[in-house]
Every structure is written in C-alpha cells, then in structure tokens.
Amino acid sequence: MTQPQTELMTSSTGTETMIVAENVEKWYDNNFHVLRGVSMTVAKGEVVVVMGPSGSGKSTFIRTFNALESYQKGSITVDGIKISHDLKNIDTIRREVGMVFQQFNLFPHLTVLQNVTLSPIWVRRWPKAKAEEVAMQLLERVGILSQAQKFPGQLSGGQQQRVAIARALAMQPKIMLFDEPTSALDPEMVREVLDVMRTLADSGMTMVCVTHEVGFAREVADRVVLMADGLLVEEGTPDEFFGNPKEDRTKKFLSQILH
Amino acid sequence: MTTAPPSLSSTRPPAAQVGAIAWLRKNLFSNWFSALLTVVLGLLLVRTSLGFLTWATTTAQWAVIPANLPLFFVGRYPVAQYWRIWAIVGILATLSGLSWGILSRNLAKLFDRNILIGFGVAAAIAVLIPAPIPYRILLLALLGLVLASAWIGRLVGQRMPQLGQWLSLGWGLSLLVVWWLIAGGIGLPGVRTNDWGGLMLTMFMSVTSILLCFPLGILLALGRQSKLPVLRWIAIAFIEVIRGVPLITLLFVGAYMVPLFLPGGIRLNQLLLAIISLTLFSAAYLAENVRGGLQSVPRGQAEAANALGLNSVLATILIVLPQALKVSIPTIVGQFISLVQDTTLVGLLGAFEMLGISRSILANPSFIGRYAEVYLFIGAIYWVLCYAMSLGSRRLEKQLNTTH
C-alpha cells in the first residue's frame, strides 16, 4: 500500500474482515451440486485471486457475494451484513460491492458517461453534476476521459472493460469482484485492463478476482485460491501456491496452465 | 512463385462495372432464362400499366372524388365547424415543424435536396388538386407553416438545447386540445361521435388505439415474464385468448354483446367500444413483439444493473426495456400499421371512417358504380399514412443506432 490513497478508496488496515463465507453449498435447478461447502475469508484491503478449471464453481462462488447467485446452505457475511433473501438487505450489499464481468455488460444504449453516472444518480441519489464530476475523475483514472461521450459499441474491448471498472467504482464500493475480466479480450488489450486493476489493488481496495492471469496473481495477489469441482482445494501466498503447491490437484492444474 | 502485393496506396475498392448496360446485364439478362423472364414480365407490366393509364384517363369518372372531398376527410362533421379541423391540422403542422427543427438542430442543413423535392411535390399537389381555391391556399399555407416552424424550431433549439425534452409534453398537451376541438364542449358546440367520419375518424381511432395499446402491450409483455405466477397467468391468458379470436369477432362482441351484459341504463358509446376492441387486440400482439425484444436483451444487462444496486424495477425500466423496445421497433411499427388498416373493419360495422364513408358515397345513386375510383383514392390515402409510418420507423432505428 505505497500509493497515496484517494478519497474514493477505502483505506486498508489489513485486519478487519470484509467477506466471510462458511460452508457455502449451492445446487442448480437441475440438482447439479455446484458448490459443495466452500469457506473463505477476505480481509479488508486484501487481494484474493481465485483460480480453477472451468466448471469448478469459481464464478458461481464469487457471484454469491453480491447475491447474483443464491445459495442453499452455509452463510455469507459481507461487510458485516449476512446475505439473506430479504430484498432490502440484498440492495444494501450490492451498493457496497462492485462487480466487473467477463463480457463487460456495459449498457449499449447509454453513453460511457451515462453508464458511469446511472447508478450514483438512481441509487445513491446524487445530483447529476456531482455524479458527472466523480465519473469524469474515474474515467480519467482509467484513461477513457476523451471517450466519455461515445457509446460502448464504439470502443475497443479493453476500453469497454476499463469503463466497466469505472462504472463499478462510481458507487464507491468497499469490495470489488472481478469475474474473469480479461478472458473475453484480445491479447493486446489484456495489459491495459490488468494495469488498472493493479493500480486499484495498490490503492487498498479489497478485491476478489477470478482470473487465469498467472502474472497478475503472482505480482498483485495477497493470496491465491484454487477451486475444483465445487470445493476449495488449496490456498496460499502466490509464492507458496505457484512455487510449492501441496495438493496434487493444484500441481495438475498448474502443469496445465504453465506450459 | 511470388505475386506482387496489392498496392497499399489504392484506398478504394476496385471499380466495378458500372453504368446502365452493366446493371441490366447483371440483373436482368444474366442467362437465357432470366432474359426470357425479363421480356415476358416486362411486356406484362407495360400492357397492364398502359391499360390502367388508359382507364384512368378515359373511362374513369373522377368527379366523384372532388364532389365528396369533405366527406372523405371529415365525414358528416358540421360544415360550420370545419374551422376546428383546420385548426387541428394547423396545430399538428406547427408541432411537427417545431419537432423536426429542434431534433435536427445539429445537422448541417435543415432542408436537404430530398426534403426540398418532397415539399415541391406536396406544393404542386396542393395547387393542382381540383378543390375550391380557398382550400388550396390553406394547404399551401400549411406547408409554409411546417417549413417556417421547422426553421424557427431549429433557431430556438440551437440556443436552448434543453427544449427537446419539452417536445413530448407539447405533443401530449396538443392531443388534449385536438380531442377538445373534435368533440367540443367547454365553450365549443359539441359534435356527436356519430357525425365524426372520414380520414379524421380513421386517424382518431388509429392514434387513440396506438397510444393506449403501447403501454398495455408493454405491461402484458412484462407480466408474461413476471416471477409472480398469478400475474403471469393473467397475462398469458389474456394474450392467448385475444390472439385466438379474429378482430372482427372482437369488434362484434364489443359492439353488440357488451351492451347486453352491462347493467341496464349504462350505454357505452359505439366508437369507444370499437377503440377498446382495437386496443385490446393490438396490445396482445404488441405484447408478443415486445416479449421477443425482451428475450433478445442478454441476461448480463440485468445482472450488471443489479450488481450496481438497481432494483429489478429500475433495471427493467432503465436498462432492459429501452433495449428491448429498440430491437422491436420494426415489428411494433408493423403492428401499428396493421392497426391503421384494421380500422376499416370498424367501417364494416357501420362507422363512417374512410371505408364506411366510401361505402355510403357509393350507395348514393349519382355515384353508383364508381367503385374503382373511390377505392383507389382511399387506398392511396392509406398508403401515404402507412408509408409515412414505416419511413418514421426506419428514421427512428437509424437515430437510435449506437454501434458506430
């Protein structure tokens, strides 16, 4: 945490816990047991990278943190609030948790600026001028300021994903979830998105990232987690995880991705 | 073997064969079969057109049209109150001009070549039609009104861009005024709906039904997708029942059966019943068009909105619905066009809208047998109405396109 912290970012103490997931179990409608008792704790300011083969339940798991996915057993507490089926409670949590998706999911009928100001205006009830001022600061930080009046369809994938990050940050969340943010990008655009994420991590944001970017995990993560078949297989610091994995499943996974 | 790379300096695609001869060869005479088809169909087309032109210029007796012009346009609306209809046309012309000017305030030129040609043609028609001179002058004045208000709208719009937001309010208010002018009351002598007729009644039924069926159709589409079973079942039942019944049946039920079911003493206006039937019918079809649009919006859109803290109502109104409607514009406008044409069925039930008034004109002994002239004339009017709608829809699609 060497970078100066901006007022938009939560400061980090490193001790307080932001997310506590205990024995989370989930079945899909077709009775597929996608999460089979996953537990994880994320401290304030911590950057956790979740890795795993496709179908391991890693995306589903982090999507339970902002109630985009429901779960049937166990418990999840985010920023001191237990996630229940109560709609009010879900809205409160979603205000504090930002999310960035693999497919960007920008709103194509709104300009970049409108994408970023939409939620502050409608959910936080900020006056338009304030929302736009904050949005412009964020767009400048992610390097999209000059494109503010364009529509998402006019931007490259990397630019769109950076707008998506700015859009999530505009709600001033305490936690950011990244669901494979670079998987849908052309290779030459991965870097610009990872750079933004790195800066965000340096500023002290609590982050949970599902990603296959080993370089990012090594450099930025405080902790790397492997999920497979709906279970949390192994977790450790990047050095332990990549340098000295304990579980066979982890070794097999790493041998497949580190050709 | 190496081939020279294509020159990088050439910035245009290679010139294709151009010119009329090349086009003819490619499209009409590419092989012996298509050449034969071209010749046969061409002869047929020429013979038919010649036949039509000969009929139109020699046999046809067009006098029936100018003799009944007021009937075609306003039916049996009292002559002393015609000024009210002209006032409505004037209001609509002004508002259209203003909207056009304000909405295209950022274009380099307000009147491009096509538009000028269009106005020229309209002016020529206004001058040449066999109507009394004052009417022709009024028509020319209306054209001038459109142009002038477009010019003013553009000037004002450039100074005050926020004016655009007030346009829809202006249109909404104008509808109330139009309604008041047609029906009367509050300071104006009332005109019974039985005396409304012609193009005016056709437009009145169309516009009212369109305005009512649009929100109803959206609500039905959303209801059909609702997670609440009762709401969903009601929407599905409504849509499927209405879509399973021909419109003419629905109109008959509205006109003859609903009054029987109503408690004694309550008599509903026939026009109102017809508009309700048209509205319900179109809403059911519209709901299915909108549902198609809703399904085309990726799930990630609603998820992203939810993740930003928007509740499901806001996510639907702000994110999903605008995209769904945009996708469904062509089918929605198609439904509106059908609705305009379906108003003729109300004529079969006895209303004097354009078809009904035509039938009554044809029943007049002095115009007996003038079917072709009359139906061609109202056909042309329906065509202008519907083609204008389809042009508008294409324009709207273009304007809402945000991909490049």
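None of the values given here were measured: they were computed from a predicted structure. Per chain, numbering begins at 1; letters A, B, ... match sequence-line order. Heavy atoms only: backbone and side chains are in, while hydrogens, waters and symmetry mates are out.
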Please say whether more than 12 non-hydrogen atoms of neighbouring residues, nucleotides or ligands are located less than 6.0 Å from [atom1] in [X].
X        : atom1 : value
B:Trp151 : CH2   : no
B:Arg395 : CZ    : no
B:Met203 : CE    : no
B:Trp233 : CH2   : no
A:Asn30  : CG    : yes

query = If you count heavy-atom pairs under 4.5 Å between each of A:Phe104, A:Phe101, A:Phe107, A:Trp122 and chain B, which one has the most?
reply =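 Among the listed options, the one with the most contacts to chain B is A:Phe107.
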query = Which residues, numbered in order, of residues 60-71 of chain A come under 4.5 angstrom of chain B by heavy-atom distance?
reply =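 Contacts with chain B: A:Arg63, A:Asn66, A:Leu68.
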ask   = Are any of the side-chain heavy atoms of A:Leu110 and B:Leu318 separated by less than 4.5 Å?
value =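 SC-SC contact between A:Leu110 and B:Leu318 ruled out.
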query = Got A:Pro108 and B:Gln301 here, is their nearest side-chain heavy-atom distance under 4.5 Å?
reply =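 Answer yes - side chains close enough.
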request  = Drop me the distance from B:Leu310's CG to A:Met171's CE, to the nearest 0.5 angstrom.
outcome  =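 Rounded to the nearest 0.5 Å, the CG-CE separation comes out at 7.5 Å.
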message = On a heavy-atom basis, which atom in A:Val123 and which in B:Leu308 lie closest, and how many Å separate them?
response =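 Closest approach of A:Val123 to B:Leu308: CG2-O, 4.1 Å.
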ask   = What are the two closest non-hydrogen atoms of A:Arg94 and B:Gly309, and how far apart are they?
value =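 A:Arg94 and B:Gly309 have their closest heavy atoms at CB-CA, 4.0 Å.
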key: Structural part of A:Leu177 lying under 4.5 Å from a heavy atom of chain B   =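 The answer is neither part of A:Leu177.
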